[in-house]
Amino acid sequence: MKKRRNRIRDPHFENALFGRRVVVALVIVVAVFLVLLANMYQLQVKQFQTFQTRSNDNRIKVVPLAPNRGLIYDRKGRLLAENRPVLSLELVPERVEDLEQTIAELTELLDISPEALEQFERNRRRERRFEHVILLDQLSEQQAATFAARQHEFPGVSLEARLVRHYPYGDTLTHALGYVAKINQRDADRLKEQDLSANYAATRTIGKLGVEGYYEEQLHGTVGYQQVEVDIHGRNLRTLEIEPPIPGQDLVLEVDIDLQLEAQRILGEQRGTIIVMRPDDGALLAMVSQPSYDPNWFAQGISVKQYRSLLDSPHSPLLNRATQGGYPPASTIKPQMAIVGLEEGIITPETKIWDPGWFQIKGVNHRYRDWLSWGHGWVNVSDAIIESCDTFYYDLALKLGIDTISEHMTEYGFGEFTGVDIGEESAAVMPSRGWKRARFNQPWYAGETVSIGIGQSYWTVTPMQLAVATAIMVNRGTHPVPRFLKAIRDAEVELPAVVEQREPVQLNNPQNWEIALKAMEDVVSGVKGTARRAFRNTSYTSGGKTGTAQVRSIGQDEEYDAEKIAERYRDNAMYVGYAPADNPEIVIVITAENVIGGGSSVAAPMARELLDYYFAAKEENDDAR
């Protein structure tokens, strides 16, 4: 066997190899060290603020603070919407030893409803165990006193105070003020779309309707915050910093609450509406819509039973009749129709027609009846307004044509939104040939034009539109935008509302204004005026126009008897007016639904009563100065 030879060692080679390995190892160590150093620099220097913020987020909780909602006043400084403190019964689940037993005892002690208990369970499941959860909202004085006397028996349960919206005049101003109610999912989605969610982080309610909804941005205010140090479980340890919320701005309205209350009293239980407006600037001194409802139901949390009673009511209390009610204008638009006829040259101040008590289209057997069955005899345009002669306007409308009528009446705001500063408004219907084709895919007939002449057929208006149209008349063309807002108060500064006007109605012959207005004065003071009885012996001058609107058609040979037909088919009584006659301070519109009587016997006396009150109160205020 061949003997294995030992390899001769090479020290030089081994030293070189060792050196190379040391260099490689050193490079690796230095590289790793540099990476660690760079990472430490990144974490401790460049990202210091980020990690400090994240650390603070674990240690510091930011709690939003709800701002106080702005107050609402009438024009004389009387509160119409305020914030009242209320007490709620709240508990912290982790501080209650036996939650089920505690709730049972509190239910028996304070008579807590099943609905409140169900709401508590829903809220409890959403909140953490150390958060306050409302068990009973808005305790009565009796409930608060009862619990306070035995509070020591219920550890973890406490009375907490907060502010809620309150409307001291109840249902008097509901359709003007609107109300606030709990923020629902639709509200939350809208706030998110508008990037306003953060400002409502601590707010439970939001303006829904009326002035409350329209001026929500001004009334709400700006949310505040407090920084609270918490432990690892999220429990509050101490308050570090507070940024107080900024309260909402106060609103001053043009409404006179005394006049509003009087208008509500006059209308009483009658379904309908009353509007009192200054014609020069559109200031709304009163707006009543009956029936109404108590907005405090919504502000304080309406029950299912209460809400169902409003929805199911046949009288539609949720409807704002002043801005959403669509009524045939009837004879209240005859002054405007007269001006259109004069402007178009269809008639002159001297034009007369014979009224036998009916009107007939040539070649058609149907007769359109006048309200006075034996007729008014020979009448001119002024007589037709004073005596409210239907036959004159049947003839005039047919000669004008529907498109001409529609074009002119749109200038008075019919068929358009008035722009009143609440969100709930209807444009109603100012029909035309094109409107009917688009709506029903049918042609327009001459007989429909005849009915349009006395404010019937498809034509509907809102009482607010009538107020604006009447204001345009007495302004000789100036078109005001109705408004509730008088001023916005910010701290000690009062910013007046912007007074808006739209494109004025311009006549080729301005004297036509005077013809129509003089006739309206004679409606209340002339020997044949339809409102002369209601306005006999007034201490002031005024002008106006009565109207009686048919709710359903009457057959050719059918006689109308309000006492023998169902209430819902009875006529609506209407009145539009202004006073004083020479320099009008106010415009008044009254609509009374389904009455026995008409504009002259029902609505005009209401107007007289309210105007008497207005001028008596004005004289009393002048004497007090």
Side-chain angles (χ1 to χ4, degrees), residues 61-73 79-90 92 116 119-120 122-128 131-139 158-168 174 177-228 234 236 239 241-251 295-303 307 422-423 485 488-491:
K61 180 171 66 173
V62 178
V63 180
L65 302 174
N68 291 340
R69 192 171 182 83
L71 307 179
I72 303 178
Y73 299 87
L79 265 176
L80 305 179
E82 60 183 337
N83 301 318
R84 282 190 175 180
V86 298
L87 293 173
S88 59
L89 187 68
E90 302 182 9
V92 180
Q119 184 63 47
F120 165 75
R122 287 194 293 269
N123 294 339
R124 185 172 68 87
R125 285 192 290 268
R126 287 198 299 263
E127 302 290 348
R128 290 178 288 185
E131 297 284 359
H132 283 255
V133 184
I134 295 177
L135 176 59
L136 183 60
D137 203 8
Q138 300 185 42
L139 278 72
S158 61
L159 292 174
E160 302 293 335
R162 62 185 176 85
L163 296 176
V164 299
R165 201 61 155 177
H166 178 73
Y167 304 97
T174 302
L177 291 183
Y179 55 80
V180 300
K182 290 182 179 179
I183 295 176
N184 57 30
Q185 189 58 49
R186 186 188 307 171
D187 299 321
D189 293 341
R190 178 172 54 82
L191 291 172
K192 186 176 181 180
E193 289 176 4
Q194 297 173 353
D195 199 23
L196 294 174
S197 297
N199 199 37
Y200 284 79
T203 304
R204 298 183 180 185
T205 61
I206 191 171
K208 297 283 188 175
L209 299 176
V211 169
E212 290 274 27
Y214 194 89
Y215 293 104
E216 170 64 23
E217 181 180 350
Q218 290 77 15
L219 288 165
H220 177 259
T222 304
V223 68
Y225 296 93
Q226 67 175 352
Q227 291 186 353
V228 181
N236 295 350
T239 300
E241 183 181 350
I242 294 180
E243 181 181 338
I246 301 174
Q249 297 170 306
D250 296 340
L251 302 185
N296 291 304
W297 286 4
F298 289 90
Q300 297 171 8
I302 190 168
S303 68
Y307 191 54
I422 58 176
L485 185 65
I488 298 177
R489 286 181 183 169
D490 194 350

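Below, each value reflects all heavy atoms present in this structure, side chains not excepted, and no hydrogens, waters or symmetry copies.
Side-chain contact between Y215 and L251 is present, with heavy atoms from C-beta onward closer than 4.5 Å. Proximity of V86 to R162: side-chain heavy atoms (C-beta onward) are separated by under 4.5 Å at one or more points. The shortest side-chain heavy-atom distance between V180 and Y167 falls under the 4.5 Å cut-off. I422 places none of its side-chain heavy atoms less than 4.5 Å from the side chain of L209. For the pair P67/N199, no side-chain contact is recorded, criterion being any heavy-atom separation below 4.5 Å from C-beta on. Between T205 and I183 the shortest side-chain heavy-atom distance does not fall below 4.5 Å. Under the 4.5 Å side-chain criterion, counting only non-hydrogen atoms from C-beta, V223 is not in contact with Y200. Counting heavy atoms from C-beta on, the side chains of L191 and I206 come closer than 4.5 Å.
Residue P295 comes nearest to G178 through the heavy atom pair CB-O, 3.8 Å, listed as atom of the first residue, atom of the second, then distance. Taking each heavy atom of Y225 and P64 in turn, the nearest pair found is CD2-CA, 3.7 Å.
Taking CD1 from I246 and CG from N68, the interatomic distance works out to 12.5 Å, rounded to the nearest 0.5 Å. Within the model, atoms CG of L219 and CD1 of I488 stand 8.5 Å from one another, a figure rounded to the nearest 0.5 Å. Interatomic distance, E82 CD to D250 CG, rounded to the nearest 0.5 Å: 12.0 Å. Of the inter-residue distances, the one linking I72 atom CD1 with L79 atom CG reads 9.5 Å to the nearest 0.5 angstrom. Atom CG of L177 and atom OH of Y214 lie 15.5 Å apart (nearest 0.5 Å). Rounding to the nearest 0.5 Å gives a distance of 9.0 Å between CD of E217 and CD of Q249.
The pair R69-E216 meets the salt-bridge criterion, with a side-chain N (NZ, NE, NH1 or NH2) lying under 4.0 Å from an Asp/Glu carboxylate O. Comment: K208 engages D187 in a salt bridge, judged by a side-chain N to carboxylate O separation of less than 4.0 angstrom. Under 4.0 Å is where a charged nitrogen must lie from a carboxylate oxygen, and between D189 and R186 no such pair does.
Judged by distance alone, the side chain of N296 and the main-chain N or O of A299 form no donor-acceptor pair under 3.5 Å.
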Could you walk me through whether L163 and R84 pass the side-chain contact (heavy atoms from CB on, under 4.5 Å) test, one step at a time?
-> CA-CA 5 Å; L163 296 176; R84 282 190 175 180; 6.0 Å; no
Working for side-chain contact (heavy atoms from CB on, under 4.5 Å), residues I242 and L65 | CA-CA 9 Å; I242 294 180; L65 302 174; 4.1 Å; yes
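In this structure, R165 forms no cation-pi arrangement with F298, as its terminal cationic atom is not both closer than 6.0 Å to the ring centre and no more than 45° off the ring axis.
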